[in-house]
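Both counts, for ligands and for their atoms, begin at 1 and track the order of listing. The figures that follow rest on heavy atoms only: side chains count, while hydrogens, waters and symmetry mates do not.
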Amino acid sequence: MGANDLQQAITLHRPAKAAAPRAEGPWSVEAIQALLDKPLMDLLFEAQTVHRQHFPEGDIELATLLSVKTGGCPENCGYCPQSAEFDTGVKAQKLMEVDEVVRAAQAAKDAGATRFCMGAAWRAPKDRDVEKVAVLVEAVKGLGMQTCATLGMLEPHHAHQLKAAGLDYYNHNLDTAPEYYTDVVDTRTYQDRLDTLANVRSAGISVCCGGIVGMGEQPVHRAGLIAQLANLNPYPESVPINSLVRVPGTPLADTDPVDPFDFVRMIAVARITMPTARVRLSAGRQQMGDAVQALCFMAGANSIFYGDKLLVTGNPDVEADTVLLRKLGLNARQVQEQATESCAA
Ligand code: SAM
Ligand code: DTB
Ligand code: SF4
């Protein structure tokens, strides 16, 4: 084949046309479904184009999680190892003391994390719980980190109290489409979730809201989740996309694993529909492999949970992530600094 033939073959295979920047919402479920159904390479190209327009530096945000109050939760979220209804072997623990939390946050900061997210297995915190968490938030903020908390449903006065303590983000996921929600949890409603998100917004706290892929949902439910997120006005500043961690003892433990390319598609569509959000490649990375994670970054993921543990399940360790980021040429400066420090130690 001559050079001209080769050029022609390439041109015939894929007309080289840059993806047009998309207008922002409102998004119909059908429009999102159409994106999810695109040929993967076209979808990746479009997502990467949007990504580069809004995040020219291409850095990956590193957020560390800590379960500050573990297990014994009265809700029955079918995916969750911390529900008291399921026998998962998770031991309930009371709220951690401030100095323990500060030690963990300082260690996360030293490892390169910029955000620290405190999770509590509550349906909704009581006034006295919020008072205690406010102390934790203030202490972590004092270390110069961005603060995030995920504590369950919040009343307006709780949100204001946390904001006053220095809370930057509140994580509260919609998890799936409204029509599938009752298949997953029935101790609260979708509207309860939306009400908490509105309370968080009104208090001036940035919203971290996403969902889970791989809970036995249909493709239309995946499109429905993205439509809900992208049509929040404004859409969330952070969008965690979790791949279900199938924990023995939970009702969803035997669900079929999600096709990795379908997961990548969800990241890409989150990026296209919420162009300025930090899209977080969240739970499930331990089961994912480096190549799929690399595709997720290509699709526009620019945040990860960073640290050996999520809340109660595992996560790739810091060293593995450092190696992966270095191999991919991501966060070159941070990775370099960390390597120098560990050599000096
Ligand atoms: N109790 C609070 C709540 O439900 O909002 C905060 C903690 S809860 C563990 C935070 C989020 O973690 C859930 O909304 C869900 O999206 C995610 N999550 C929990 N278990 C998971 C699992 N096994 N796999 C993937 N994501 C999970
Ligand atoms: C989110 O979207 N994922 C995180 C965080 N927000 C709180 C939690 C993932 C939990 C995975 C299972 C576990 O370790 O409990
Ligand atoms: Fe409780 Fe949150 Fe787990 Fe649901 S996801 S059982 S509310 S800790």
Side-chain angles (χ1 to χ4, degrees), residues 63-86 88-93 95 115-125 129 133 148-154 158 169-176 181 184-190 192-197 199-200 207-217 225 229 236 238-255 257-258 263 266 270 277-288 301 303-316:
T64 294
L65 274 173
L66 178 68
S67 180
V68 296
K69 187 269 166 196
T70 302
C73 182
E75 301 264 20
N76 69 355
C77 313
Y79 46 77
C80 186
Q82 301 200 66
S83 166
E85 276 196 29
F86 317 138
T88 61
V90 169
K91 226 175 97 219
Q93 283 163 10
L95 188 65
R115 189 180 300 181
F116 193 70
C117 179
M118 293 161 271
W122 284 314
R123 169 180 164 78
D129 298 325
V133 173
C148 178
T150 180
L151 317 169
M153 292 185 274
L154 280 195
H158 292 149
Y169 291 82
Y170 194 78
N171 168 246
H172 201 66
N173 290 340
L174 289 174
D175 284 337
T176 188
Y181 199 68
V184 176
V185 45
D186 62 18
T187 50
R188 59 163 182 255
T189 65
Y190 212 77
D192 289 334
R193 298 301 272 185
L194 293 169
D195 291 347
T196 289
L197 291 170
N199 294 341
V200 167
V207 168
C208 172
C209 181
I212 308 179
V213 189
M215 299 194 293
E217 70 282 350
L225 166 66
L229 297 171
S238 287
V239 180
I241 304 291
N242 297 275
S243 176
L244 177 71
V245 179
R246 295 172 301 152
V247 180
T250 60
L252 294 176
D254 298 323
T255 314
V258 62
F263 186 81
M266 285 292 282
R278 281 274 167 188
V279 176
R280 185 171 307 122
L281 166 54
S282 301
R285 287 198 302 119
Q286 222 175 19
Q287 290 75 35
M288 215 167 264
S303 176
I304 55 172
F305 284 127
Y306 177 69
D308 305 356
K309 227 171 149 193
L310 291 166
L311 291 172
V312 299
T313 66
N315 196 43

Engineer: Taking atom CZ of Arg188 and atom CZ of Arg123, what is their separation to the nearest 0.5 Å?
Structural biologist: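 Taking CZ in Arg188 and CZ in Arg123, the distance rounds to 8.0 Å.
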
Engineer: Please state which protein non-hydrogen atom is closest to atom 7 (C) of ligand 1 and give its distance, to 0.1 Å?
Structural biologist: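 Protein heavy atom at minimum distance: Thr150 OG1, 3.8 Å.
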
Engineer: Do Thr196 and Asn199 pair up side chain to side chain, a donor and an acceptor below 3.5 Å, judged on atom types alone?
Structural biologist: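 Absent: no donor and acceptor within the cut-off.
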
Engineer: Without hydrogens or angle criteria, can the side chains of Ser303 and Arg115 be said to hold a donor-acceptor pair below 3.5 Å?
Structural biologist: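 No, no side-chain donor-acceptor contact under 3.5 Å.
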
Engineer: Is there any protein N/O under 3.5 Å from an N/O of ligand 2, and what does the full list of such pairs look like?
Structural biologist:
from	atom 1	to	atom 2	distance (Å)
ligand 2	2 (O)	Asn173	ND2	2.8
ligand 2	2 (O)	Asn242	ND2	2.8
ligand 2	3 (N)	Asn242	OD1	3.0
ligand 2	6 (N)	Asn171	OD1	3.2
ligand 2	14 (O)	Leu311	N	3.1
ligand 2	14 (O)	Val312	N	2.9
ligand 2	14 (O)	Thr313	N	2.8
ligand 2	14 (O)	Thr313	OG1	2.8

Engineer: Just heavy atoms, cut-off under 4.0 Å: does Asp175 contact ligand 1 by side chain, backbone, both, or neither?
Structural biologist: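 The answer is the side chain.
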
Engineer: Just to be sure I understand the site: which N, O or S atoms from the protein are less than 2.8 Å away from atom 1 (Fe) of ligand 3?
Structural biologist: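 Result, waters dropped: Cys73 SG.
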
Engineer: Could you tell me the residue and atom name of the protein heavy atom closest to atom 20 (N) of ligand 1, and the distance to it rounded to 0.1 Å?
Structural biologist: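 Result for atom 20 (N) of ligand 1: Tyr79 CD1, 3.3 Å.
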
Engineer: Does any N or O atom in Asn173 lie less than 3.5 angstrom from one in ligand 1, N or O only?
Structural biologist: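 Between Asn173 and ligand 1 (N or O atoms, distance only) the closest approach is under 3.5 Å.
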
Engineer: Would you mind listing which atoms of ligand 1 come within a distance below 4.0 Å of any non-hydrogen atom of Ala283?
Structural biologist: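 Reading through ligand 1 atom by atom, the close ones are 25 (C).
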
Engineer: What pairs with Ser83 under side chain to side chain donor-acceptor pair (under 3.5 Å), at least two apart in sequence or on another chain?
Structural biologist: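 Here no residue qualifies.
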
Engineer: For Leu65, what residues pass the side-chain contact (heavy atoms from CB on, under 4.5 Å) criterion, not counting sequence neighbours?
Structural biologist: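 Partners of Leu65 by the side-chain contact (heavy atoms from CB on, under 4.5 Å) criterion, ordered by chain and then number, come out as Cys117, Phe305, Leu310, Leu311.
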
Engineer: Select the closest option to atom 7 (S) of ligand 3 among Arg188, Glu85, Lys69, judged by heavy-atom distance.
Structural biologist: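 It is Arg188 that holds the nearest heavy atom.
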
Engineer: Answer yes or no for Gly152: is there a heavy-atom contact with ligand 1 below 4.0 Å?
Structural biologist: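 Right, Gly152 reaches ligand 1.
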
Engineer: Looking only at heavy atoms, what is the nearest atom pair of Pro316 and Gln286, with distance?
Structural biologist: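 Of all heavy-atom pairs spanning Pro316 and Gln286, the closest is CD-N, 3.9 Å.
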
Engineer: Can you name the closest pair of heavy atoms from Pro248 and Ala253 and give their distance?
Structural biologist: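 Nearest heavy atoms, Pro248 then Ala253: CA-CB, 3.9 Å.
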
Engineer: Please round to the nearest 0.5 Å and tell me the distance separating atom CD of Glu217 and atom OG1 of Thr255.
Structural biologist: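 Interatomic distance, Glu217 CD to Thr255 OG1, rounded to 0.5 Å: 9.0 Å.
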
Engineer: What do we get for Ala120 next to ligand 1 when only non-hydrogen atoms under 4.0 Å count, side chain, backbone, both or neither?
Structural biologist: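 It is the backbone that touches ligand 1; the side chain stays farther off.
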
Engineer: At what distance, to the nearest 0.5 angstrom, does NE2 of His172 lie from CG of Leu194?
Structural biologist: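 His172 atom NE2 to Leu194 atom CG measures 8.5 Å (nearest 0.5 Å).
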
Engineer: Verify side-chain hydrogen bond (donor to acceptor under 3.5 Å, both in side chains) between Asn242 and Tyr79, making sure each step is shown before the conclusion.
Structural biologist: CA-CA 11 Å; Asn242 297 275; Tyr79 46 77; over 6 Å; no

Engineer: Please state which option from Arg193, His172, Glu75, Arg246 has its nearest heavy atom closest to atom 4 (O) of ligand 1.
Structural biologist: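 Result: the heavy atom closest to atom 4 (O) of ligand 1 is in Arg193.
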
Engineer: Considering the heavy atoms of Tyr79, write down every atom of ligand 3 situated less than 4.0 Å from one of them.
Structural biologist: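 Once the distances to Tyr79 are compared, the set is 5 (S).
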
Engineer: Considering only non-hydrogen protein atoms, determine which one is nearest to atom 27 (C) of ligand 1 and report residue, atom name and distance to 0.1 Å.
Structural biologist: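 Among all protein heavy atoms, the one nearest atom 27 (C) of ligand 1 is Ile212 CD1, 3.7 Å.
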
Engineer: Starting from atom 9 (C) of ligand 1, what is the nearest protein heavy atom, named by residue and atom, and what distance separates them?
Structural biologist: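 Of the protein heavy atoms, Leu311 CD1, 3.4 Å lies nearest.
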
Engineer: Please report the interatomic distance CG(Asn315) to OG1(Thr64), rounded to the nearest 0.5 Å.
Structural biologist: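 It is 9.0 Å, given to the nearest 0.5 Å.
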
Engineer: Are Val312 and Val247 close enough that some pair of their side-chain heavy atoms sits under 4.5 Å apart?
Structural biologist: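 They are not in contact (no side-chain heavy atoms under 4.5 Å apart), so the answer is no.
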
Engineer: Distance from Tyr306 atom OH to Arg285 atom CZ, nearest 0.5 Å?
Structural biologist: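 The CZ atom of Arg285 is 10.0 Å from OH of Tyr306, to the nearest 0.5 Å.
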
Engineer: To the nearest 0.5 angstrom, please state how far the CD atom of Gln287 sits from the OG atom of Ser243.
Structural biologist: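 Between atom CD of Gln287 and atom OG of Ser243 there are 7.0 Å.
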
Engineer: Would you check whether Val245 has a nitrogen or oxygen atom less than 3.5 angstrom from a nitrogen or oxygen atom of ligand 1?
Structural biologist: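 Between Val245 and ligand 1, an N or O pair is found under 3.5 Å apart.
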
Engineer: Which is it for Val258 and Leu244 under the side chain to side chain contact (heavy atoms under 4.5 Å, CB included) test, yes or no, and what are the steps along the way?
Structural biologist: CA-CA 8 Å; Val258 62; Leu244 177 71; over 6 Å; no

